[in-house]
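Before any comments, here is the structure.
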Amino acid sequence: MPAFEERVQRTIEQLQHASFHAIASDITQKRMAWLDRTLPEKPGYDKFTPREAYELLFFENMQLERSELPVVSESPDEIVWLSRNRCSLLEACIALGLDTRKVCRPVNEKATQAFLSRLNPQLRFHRSYEDIRPHADGCKEKIVRTDFAAYMRVAIREAQLSRSEGNKGYGAVVVFDNQIIGQAHDTAITEHDPSLHAEMNAIRQAVKTKKDTDLCGAILFSTCEPCPMCASLAVWANVTTLVYGISIQETAQLGRSRIQISANELVAQSPRSVEVIGNILHDECQMLYV
């Protein structure tokens, strides 16, 4: 049996017997192992550009042909292409009568993001689910560079607004494809509701903006590491990445009342993969709680 048909058969068996999360984890582990062999030293934070990441993933790791992934548009901060290569997951979905729009997202997106984050955490992968095979002749995909510091400063302004209103001084922003889709601060005191943390308010805005409870591909920025309640909500909303300024442990040491369970600890016990990145504009965020 030719190699491609063998991959299709393996993928069919995976889809029949394993969860999407398990399949994505398997893809992620294989890609990380390849990166460990290829790039044994961790790259610098901003080392890779969208173009360089595109080249490394598709032509060195996946060994695809350039003619299969024509670039549609490109700038220093974004590259957009159409994926027209033979795809074992696509063929498996067709064989099983599955909708690729419902399978590709949980199986491929976070595995691809994990690869990019290893190169440069600010590189983000996005796929259009309106332009995806077999509903289109190619899958429209992109890698964009997201300025973490710029969005954290928006969250900081929200935290400052919170304090001015008499709340506790936390801010959060949800970003998808370099667009803010949720922006809020904590309102628990002024609205007499202990659940109204900044992250809770921002995520609620984001799902209404997207008209979708699945925030795969989105980044949640928070001035402080989300508490277990908010980190859990981020998991159930399927946020791809949590980015925070100062940790739960540090704010507790500054006298804040915190449940000292880290976001990483909570994610490790969850059924979904969520990337956690801390210490973005750490000192500026710390000043909010001194």
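For the numbers below, each heavy atom of this structure counts, side chains included, while hydrogens, waters and symmetry mates do not.
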How long is the straight-line distance from [atom2] of [Y] back to [atom1] of [X], given to the nearest 0.5 Å?
X      : Y      : atom1 : atom2 : answer
Phe115 : Ile143 : CZ    : CD1   : 9.0 Å
Arg51  : Leu123 : CZ    : CG    : 13.5 Å
Thr251 : Leu288 : OG1   : CG    : 11.0 Å
Glu141 : Asn108 : CD    : CG    : 8.0 Å
Ile189 : Glu165 : CD1   : CD    : 11.0 Å
Tyr151 : Ile180 : OH    : CD1   : 6.0 Å

Using side-chain hydrogen bond (donor to acceptor under 3.5 Å, both in side chains), reason through Arg84 and Ser67 one step at a time and then give a plain yes or no. CA-CA 8 Å; Arg84 291 173 171 158; Ser67 61; over 6 Å; no
Less than 4.5 Å apart, any side-chain heavy atom of [X] and any of [Y]?
X      : Y      : result
Val174 : Gln205 : no
Asp214 : Val207 : no
Phe221 : Val154 : no
Pro106 : His21  : no
Val80  : Val144 : no
Asp36  : Arg118 : yes
Leu196 : Arg204 : yes
Glu109 : Phe125 : yes

Tested for salt bridge (charged side-chain N to carboxylate O under 4.0 Å, His left out) against Asp177, the lone hit among Arg124, Lys142, Arg127, Arg145 is Lys142
Report whether [X] and [Y] are members of the same hydrophobic cluster (ILVMFWY, side-chain heavy atoms less than 4.5 Å apart, transitive linking).
X      : Y      : result
Leu69  : Ile79  : yes
Tyr244 : Ile219 : no
Leu82  : Met62  : no
Val276 : Met152 : no
Val173 : Leu161 : no

Exercise: identify the closest heavy-atom pair between [X] and [Y]:
X      : Y      : answer
Ala53  : Leu116 : CB-CD2, 3.7 Å
Pro194 : Ala188 : CA-CB, 4.1 Å
Arg258 : Ala252 : CG-N, 4.1 Å
Ile248 : Ile261 : CD1-O, 3.3 Å
Cys285 : Gly245 : SG-CA, 3.7 Å
Leu242 : Ala263 : CD1-CB, 4.0 Å

Closer than 4.0 angstrom, basic N to acidic O: yes or no for [X] and [Y]?
X     : Y     : answer
Glu68 : Arg86 : no
Arg66 : Glu55 : yes
Asp26 : Lys30 : yes

For [X], side chain to side chain contact (heavy atoms under 4.5 Å, CB included) partners two or more places apart:
X      : result
Leu233 : Met200, Ile203
Arg101 : Asp99, Tyr129, Ile132, His135
Ser75  : Asp77, Glu78
Ser162 : Asn167, His185, Asp186

Please report whether the ring centroid of Phe59 lies less than 6.0 Å from that of Tyr54.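 Tyr54 vs Phe59: aromatic centres under 6.0 Å.
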Show every side-chain hydrogen bond (donor to acceptor under 3.5 Å, both in side chains) that has at least one partner inside residues 215-233, sequence neighbours left out.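 Sorted result for residues 215-233: Glu199-Ser222, Thr223-Tyr289.
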May I ask you to decide if [Y]'s main-chain N or O and [X]'s side chain share a donor-acceptor pair within less than 3.5 Å?
X      : Y      : value
Glu52  : Thr49  : yes
Arg272 : Trp236 : yes
Ser117 : Ala114 : no
Asn279 : His282 : no
Arg105 : Lys110 : no

Any luck finding a side-chain donor-acceptor pair between [X] and [Y] under 3.5 Å?
X      : Y      : result
Asp193 : Thr187 : no
Gln286 : Glu250 : no
Gln249 : Ser262 : no

Given the rule in the side chain to side chain contact (heavy atoms under 4.5 Å, CB included) test, do Leu56 and Leu39 qualify, once you have shown the distances and angles that lead to the verdict? CA-CA 11 Å; Leu56 188 67; Leu39 301 172; 3.9 Å; yes
Assign the ring pair Trp81 / Phe58 to parallel, tilted or perpendicular, where the plane angle (0 to 90°) is split at 30° and 60°.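 Rings of Trp81 and Phe58: perpendicular, over 60°.
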ILVMFWY cluster membership beyond Leu98 - transitive side-chain contacts under 4.5 angstrom: Phe4, Val8, Ile12, Leu15, Phe20, Ile23, Ile27, Leu89, Leu96, Val103, Val107
Lys210, NZ atom: more than 12 neighbouring heavy atoms under 6.0 Å: yes
For atom CE of Met287, is the number of surrounding heavy atoms from other residues, nucleotides or ligands below 6.0 Å larger than 12? no
Step by step, would you call Asn85 with Glu65 a side chain to side chain contact (heavy atoms under 4.5 Å, CB included)? CA-CA 8 Å; Asn85 57 294; Glu65 298 294 331; over 6 Å; no
Which is it for Glu284 and Arg153 under the side chain to side chain contact (heavy atoms under 4.5 Å, CB included) test, yes or no, and what are the steps along the way? CA-CA 9 Å; Glu284 292 179 43; Arg153 289 194 176 96; 3.7 Å; yes
Worked verdict on Trp34 versus Leu57 for side chain to side chain contact (heavy atoms under 4.5 Å, CB included): CA-CA 10 Å; Trp34 183 87; Leu57 174 58; over 6 Å; no
